[in-house]
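Order of appearance sets the numbers: ligands from 1, and atoms from 1 within every ligand. The first residue of the sequence shown is numbered 1, and numbering continues consecutively from there.
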Amino acid sequence: MNTWEDELRSELHRRHAASLYRRRALRTAGTVAEPIVGTAPTINFCSNDYLGLSTHPAVVDALKAGVDHYGVGAGASHLVTGYCEAHARLEQEVAAFAGRERALVFASGYLANLGAVTALVGRNDLVVADRLNHASLNDAALLSRARLRRYAHADATAAECCLAGGPGRRKLVLTDGVFSMDGDIAPLKGLAQVCSRHAAVLVVDDAHGIGVLGTGGRGTLEALGLSPAEVPVLIGTFGKAFGACGAFVAGSEALIESLIQAARTYIYTTAPPPALAEAVRAALQVICHEPWRRERLSTNISRFREGARARDLPLGTSPTPIQPLMLGTPERALAVSASLADRGFMVSAIRPPTVPQGTARLRITLSAAHSASQIDQLLDALEELL
Ligand SMILES: *Cc1c(COP(=O)(O)O)cnc(C)c1O
């Protein structure tokens, strides 16, 4: 008789045989940009630390000072006794940065998406979502029990079809700002117009845009010129360009007060460490006051794209730090990723179900922390392997 663990083992075996088994590369020392994996120094081309802030001295010092001041844990959820001055200041500073009345800090982007969507819609509502949205937005929609309709990627007209005549007391349109696996940018102007025609609320998860896009680092909305009225709910993470951990939802007073009452992933979880909020506040200052990091990142993106084009690599059209190289099968993506690892480069192979069948890829991400020569070395290695 098969036990449940036999079933797990045969499922694992199937994954393995299909080149879909997931493994973690163990970092034994070093920083995000230059981790030691096993005993070998490597160059990381798959982190989301776009501005190099995870090792920025001001951010590191703020975390240490925060620990001295507050201790390690928050001790309880925000609504019990976990809410500290550091969280309150961070909320105010993020709200000002995003040009919103209020902001609310969550423990992660995944939790922010789950909490915001489930607080805003329920059984009798409609959620319309881009097909290539991040898993956390999809999970949020499912958990909300609202009716879910998914539209063709980055297609505002298709989104409108989903809204037109759709059921629902309240209608939300959910999209990534920058798509996490393709690096392209959502058609926010078009989506905002569609939302206004159908009295729908546009929710943008700008995990990869915040800190990176726009001259002030305010993200995809700044880059495309969208107002708070067009995007009433803005979500961002502190785990990417901020180099830390945590996330925020920004919007009106009514939105944020409602989330405090009803967002279950805000209410029923321990508040993030206040020292971490101090580190994020310091990272926000760097984002505002060291624009050269975005300029350097942009130079690195151009250098990579021009080099890839010159070497005839299977480059897409992404203008952001996320640069996928399409390889098709999971076998091929894994093999190239492993050969790159042998040469000292960390580049993750992204396979289904994270991306659609037939679109396994290398997801290369660039950072302001990369040097021109590191980028050239990666390009040379890719040319040799592909
Ligand atoms: C990474 C990511 C998240 C999750 O954010 P975390 O803070 O890592 O939980 C949510 N949405 C998108 C689009 C992301 O890329």
Side-chain angles (χ1 to χ4, degrees), residues 22 24 32 44 46-51 53-54 59 87 90 94 98 103-118 127 129-144 150 153-154 172-188 191 202-213 219-221 223 231 233-250 263-266 269-273 276-277 279-280 283-284 287 318 320-324 348 350 353-356 361 363-367:
R22 301 175 191 263
R24 302 162 299 169
V32 173
N44 192 347
C46 52
S47 95
N48 303 313
D49 186 10
Y50 299 123
L51 302 176
L53 300 197
S54 71
V59 179
H87 300 118
L90 176 59
V94 166
L104 192 66
V105 171
F106 284 75
S108 78
Y110 192 105
L111 294 175
N113 284 342
L114 244 52
V117 174
T118 58
V127 169
D130 189 291
R131 271 203 182 281
L132 294 190
N133 274 350
H134 191 261
S136 56
L137 282 178
N138 295 337
D139 293 355
L142 293 175
L143 191 61
S144 76
R150 298 169 83 200
H153 175 54
L172 291 191
V173 173
L174 305 184
T175 184
D176 289 13
V178 173
F179 288 89
S180 57
M181 296 300 138
D182 294 80
D184 57 334
I185 296 175
L188 295 187
L191 289 171
L202 182 54
V203 178
V204 174
D205 171 1
D206 206 20
H208 296 276
I210 289 286
V212 171
L213 297 183
T220 309
L221 276 58
V231 182
V233 185
L234 172 66
I235 302 171
T237 177
F238 303 132
K240 286 159 186 163
F242 281 74
C245 187
F248 69 86
V249 179
R264 298 172 65 84
T265 60
Y266 183 78
T269 195
T270 301
L276 189 65
V280 172
L284 180 58
I287 285 171
S318 160
T320 69
I322 302 169
Q323 294 289 327
S348 52
I350 307 285
T354 304
V355 292
R361 68 197 68 182
R363 177 177 176 274
I364 293 162
T365 54
L366 296 156
S367 166

- Query: Please walk me through it: do His153 and Asp184 pass side-chain hydrogen bond (donor to acceptor under 3.5 Å, both in side chains)?
  - Reply: CA-CA 10 Å; His153 175 54; Asp184 57 334; 2.5 Å; yes
- Task: Evaluate the side-chain proximity of Arg150 to Asn133: yes if any heavy-atom separation is below 4.5 Å, no if none is.
- Result: no
- Message: How far is atom 2 (C) of ligand 1 from the closest protein heavy atom, and which atom is that?
- Response: Lys240 NZ, 2.3 Å
- Message: Could you tell me if the side chain of Leu114 sits less than 4.5 Å from the side chain of Phe106, heavy atoms only?
- Response: no
- Message: Given Phe248, which partner from the list Thr237, Ile210, Ile235 fulfils the side chain to side chain contact (heavy atoms under 4.5 Å, CB included) test?
- Response: Ile210
- The closest protein heavy-atom partner of atom 5 (O) of ligand 1 is Gly109 CA, 3.4 Å
- Message: Would you say Ser367 and Asp49 are linked by a side-chain donor-acceptor pair, where the criterion is simply a distance under 3.5 Å?
- Response: no
- Task: Among all protein heavy atoms, pick out the one at the shortest distance from atom 4 (C) of ligand 1; state its residue, atom name and that distance to 0.1 Å.
- Result: Tyr110 N, 3.7 Å
- Ser136 neighbourhood, listing ligand 1 atoms whose heavy-atom distance to it stays under 4.0 Å: 10 (C), 11 (N)
- For Ser180, atoms of ligand 1 separated by under 4.0 Å from a heavy atom: 15 (O)
- Message: Give the atom numbers and elements of ligand 1 that come within less than 4.0 Å of a heavy atom of Asp176.
- Response: 13 (C)
- Subset of ligand 1 atoms that lie under 4.0 Å from at least one heavy atom of Ala207: 2 (C), 11 (N), 12 (C), 13 (C), 14 (C), 15 (O)
- Mind checking the NE2-OG1 spacing from His208 to Thr220? Nearest 0.5 Å is all I need. 10.0 Å
- Around atom 11 (N) of ligand 1, find the nearest protein heavy atom and jot down its residue, atom name and distance. Asp205 OD2, 2.4 Å
- Query: Is there side-chain contact between Gln323 and Leu366, with heavy atoms separated by less than 4.5 Å?
  - Reply: yes
- For His208, atoms of ligand 1 separated by under 4.0 Å from a heavy atom: 14 (C), 15 (O)
- Task: Report, in ascending order of atom number, the atoms of ligand 1 lying under 4.0 Å from any heavy atom of Asn113.
- Result: 10 (C), 11 (N)
